[in-house]
There are 2 protein chains.
Amino acid sequence: MAGVTIRDVAKEAGVSIATVSYVLNNSRNVSEDTRRRVLETAKRLGYRANIIARNLQASETRLFGYSWRPSPPDRFNPILDRFLQAMAEAAAFHGYHVLTFPFPTIEDELATYAEMMLTGQVDGFVLSNTNLNDQRVRCLSDNGFPFVAFGRSNADWDFPWVDVDGRTGVRMATQHLIAQGHRRIACLAWPETSLSGQYRLSGYLEAMEAANLPVDPAWIERTENIHNDAYAASWRLLNQPADRRPSAIVALTDLMALGAINAAWDAGLKPGRDLAVTGFDDAPIARFLRPPLTSLRQPIAEVGERLITILVDIVQGKPLSEPHVLLQPELVVRASSVVSYEE
Amino acid sequence: MAGVTIRDVAKEAGVSIATVSYVLNNSRNVSEDTRRRVLETAKRLGYRANIIARNLQASETRLFGYSWRPSPPDRFNPILDRFLQAMAEAAAFHGYHVLTFPFPTIEDELATYAEMMLTGQVDGFVLSNTNLNDQRVRCLSDNGFPFVAFGRSNADWDFPWVDVDGRTGVRMATQHLIAQGHRRIACLAWPETSLSGQYRLSGYLEAMEAANLPVDPAWIERTENIHNDAYAASWRLLNQPADRRPSAIVALTDLMALGAINAAWDAGLKPGRDLAVTGFDDAPIARFLRPPLTSLRQPIAEVGERLITILVDIVQGKPLSEPHVLLQPELVVRASSVVSYEE
DNA sequence: TGGGAGAAGTTAAACGTTTAGATGCGTTGA
DNA sequence: TCAACGCATCTAAACGTTTAACTTCTCCCA
């Protein structure tokens, strides 16, 4: 399809293809005269090196694979856009590209990774949404195939990762609520199977303990990241007797925070005044909700960039200066958690 | 990296590499005996054909490039997730993958496409966010390079596209409002430079005309797809004298609809009751807003799938049965546009 | 003057497939 | 008996690069 090859340039410039290659890659001394002639010819013919051929020769693809679970219609992925952009940009900077791939069903996930690894379709993977005993981590580690994860897994598995410190983040949010005078603070948490859910929850527990505030077990509601489940859980929280009813809710995602806010409205409470709520992710929509949602902003662009930098180092066999990166989220305070809030 | 090649299998099975290839690709008659031996050997050695080598031979990449403009922090892309998933899935079905790539700045956009085309990094492109005089369409058409667009462009340019019928969609939304008894209906539109903005706006105008309703020019507010701009525009609409103040607003996106809703609240109006609002996109969040937002749902999965199907046909030189596909959005009615709405 | 060094360029192998064409062999029918 | 054919398999070229190894030439110094 492309048409003009290195052979054409060589013939036209009256040199061997090796010389053309040397000129174009600056990989060997070539006389100024020849160099100019080759460059001129290449430009005139509109020559561009064929990537596949180069890849075959170098036996690499300069491609990184990335896959993620699709969101159901009632859920959204607040970071996907910026995350992909950040990765793609960082990859391009190093001469790589990001290949997105799906897996038909969740059972095929591992097989899909294995297939792409074995056929040499990519040089490495970026994993996200890792969890405990993540099979992808195990499989890729076993095969010595390059990868890096957004998120941690088993503590005794040694692999490179970048993560956002959800524990510190949620602790900050909880401390913020405590500083606002709240004493009975509930948490909309995730099922115990979720590792990052555990990290985030522990941040809440730490803050409560550090402030010597008792935690009523009923204040910890575990649901999936689903609005309606969070709504129902919040409803239960708000229906407790007055002396045990929380005045603030720390939600582990913005979507769950929205469930809490909506439950408050429906309970005749004014969120932000009668019930403080905080979220996680700082989705673009958070600032436009009513009330605007206090949330923890993840440094997604940096996560993406760090992931790619690490992966490039791995692929190129460089030693990793920092195989584990824990980035801090930023607490963005808005009216959902502060009574007298001025935009 | 991969290790085991077709040569290893051939040696181990005691046949030539050609025979192995024939067996694996079913491309020529091979005796049942040899076939079994080769298959068994390949399986035992864990052989997987190297994709790059195959691609070089076939001089194709089996990759489709897709790029999109990143959303600024105060905006979100409600369809990206499902769109990418749909494309990736359809592509995988045909043996292709989706390569995402960024461009440093908007000035580099065209150059980036050209570079990827000329170096043979992809077999084709999916464009989105096309507009009038879209340089990408022109450039790729001129070069005869395979591509398909999500969205139309100049009417006299002949190229394959899939689009969602925004005109009919917005007409449906407007008719819905008219059916609810509204007479003074405003439209939060886009700048005139936006092609799909024009389509959508014309749907509004058509519905108004068909119902013999006059359109006050002041009812058409043009802003970018930005919450705060839409908010300000709505504020202007609501501050008109009572006999000219609209009782309903058709917004061209959910984000703009949210701006209208927030403006209504701040104006002391109850959206859904005092001001009907409709959006576009049916973002996952739409159903959880207060009030839940009436919106137009784009058949994104089908768009992605149709795009890929067309692109595969182009790349493989098959005739296109349907080079132009206009899909219908679905009006999802919720409380933001209906006074007595039961969830 | 002979030889070594270095510059400039060429040749050819390699990367791992696919596939057109050649080869060899057994079968069949005239 | 032999040509014709078909089947199974192999050989080798091709895809478009990169690069190790080799050749040639010039220059310089002992």
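Below, read A as the first sequence line, B as the second, and so on, with proteins coming before strands; counting in each chain starts at 1. Keep in mind that what you see is a predicted model, and the values were worked out from it rather than measured.
In summary, the side chains of A/Tyr66 and A/Ser128 do present a donor paired with an acceptor at a separation below 3.5 Å, with no hydrogens or angles considered. Side chain to side chain, A/Gln57 and A/Arg54 fail the donor-acceptor criterion of an N or O pair below 3.5 Å.
Here D/dG16 presents its C1' atom at 13 Å from CD1 of B/Ile52, a figure rounded to the nearest Å. Atom-to-atom, NZ of A/Lys11 to C1' of D/dG16 comes out at 14 Å; the value is rounded to the nearest Å. Between A/Asn55 atom CG and C/dA14 atom C1' there is a gap of 15 Å when expressed in whole angstrom units. Atom pair B/Arg7:CZ and D/dC10:P shows a separation of 14 Å (rounding to whole Å applied). Here the P atom of nucleotide C/dT19 and the CG atom of B/Asn26 are 13 Å apart, to the nearest Å. Between the CD1 atom of B/Ile6 and the C1' atom of C/dC15 there is a distance of 14 Å, given to the nearest Å. Going from atom CD of B/Gln57 over to atom P of C/dG16 covers 15 Å, rounded to whole Å. The interatomic distance linking A/Asn50 (CG) with C/dC15 (C1') rounds to 13 Å, in whole Å.
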Check against salt bridge (charged side-chain N to carboxylate O under 4.0 Å, His left out), A/Arg44 and A/Glu40:
CA-CA 6 Å; A/Arg44 183 158 52 79; A/Glu40 186 274 326; 3.1 Å; yes
Could you go step by step and tell me if B/Phe150 and B/Phe83 meet the ring pair (Phe, Tyr, Trp, His ring centres under 6.0 Å) rule?
CA-CA 11 Å; B/Phe150 178 9; B/Phe83 184 53; 5.3 Å; yes
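Comparing D/dT17, C/dA8, D/dA8 against the side chain of B/Thr34 picks out D/dA8 as the nearest. Of the candidates C/dG9, C/dT17, C/dT19, C/dG9 carries the atom nearest the A/Thr19 side chain, counting heavy atoms from C-beta on. Listed nucleotides C/dT10, D/dA12, C/dG16 differ in distance to A/Ser16; the shortest reach to its side chain belongs to C/dT10.
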Pairs of donor and acceptor atoms involving the side chains of residues 98-107 of chain A, under 3.5 Å and at least two apart or interchain, shall be tabulated with distances.
{"unit_1": "A/Thr100", "atom_1": "OG1", "unit_2": "B/Val98", "atom_2": "O", "d": "3.3"}
{"unit_1": "A/Thr105", "atom_1": "OG1", "unit_2": "A/Glu107", "atom_2": "N", "d": "3.3"}
{"unit_1": "A/Thr105", "atom_1": "OG1", "unit_2": "A/Glu107", "atom_2": "OE1", "d": "3.0"}
{"unit_1": "A/Thr105", "atom_1": "OG1", "unit_2": "A/Asp108", "atom_2": "OD2", "d": "3.0"}

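Dashed line: the shortest gap from a side-chain N or O of A/Asn25 to OP1 or OP2 of D/dT18 is under 4.0 Å. In terms of phosphate contacts, A/Ser59 brings no side-chain nitrogen or oxygen within less than 4.0 Å of OP1 or OP2 of C/dC15.
The side-chain hydrogen bond (donor to acceptor under 3.5 Å, both in side chains) search around A/Asn154 returns A/Asn133, not counting sequence neighbours. For A/Thr193, there are no side-chain hydrogen bond (donor to acceptor under 3.5 Å, both in side chains) partners two or more places apart in sequence or in a different chain.
If you check every strand for non-hydrogen atoms under 4.0 Å, A/Ser21 touches a base. Among the atoms of the strands shown, base atoms are found under 4.0 Å from some heavy atom of B/Ile17.
Listed by first and then second residue, the side chain to side chain donor-acceptor pair (under 3.5 Å) pairs that reach into residues 76-86 of chain B are A/Trp68-B/Asp81, A/Ser71-B/Asp81, sequence neighbours excluded.
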Tabulated below should be each protein N or O lying under 3.5 Å from an N or O of nucleotides 21-24 of chain C; please produce it.
{"unit_1": "C/dG21", "atom_1": "O6", "unit_2": "B/Arg28", "atom_2": "NH1", "d": "2.9"}
{"unit_1": "C/dG21", "atom_1": "O6", "unit_2": "B/Arg28", "atom_2": "NH2", "d": "2.5"}
{"unit_1": "C/dA22", "atom_1": "N6", "unit_2": "B/Arg28", "atom_2": "NH2", "d": "3.3"}

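The heavy-atom pair separating A/Glu60 from B/Ile52 by the smallest distance is O-CD1, 3.3 Å.
Listed for the B/Ser153 side chain is a donor-acceptor partner under 3.5 Å among the backbone atoms of B/Asn131.
If you find the closest nucleotide of DNA chain C to A/Ala18 and to B/Val20, the one lying nearer the 5' end belongs to A/Ala18. Closest-nucleotide positions on DNA chain D for B/Ser31 and A/Arg54 were compared, and the one nearer the 5' end corresponds to B/Ser31.
Among the duplex regions that DNA chain C forms, those built from at least three successive Watson-Crick or G-U pairs under 3.5 Å are C:1-30 with D:1-30, ordered by first number.
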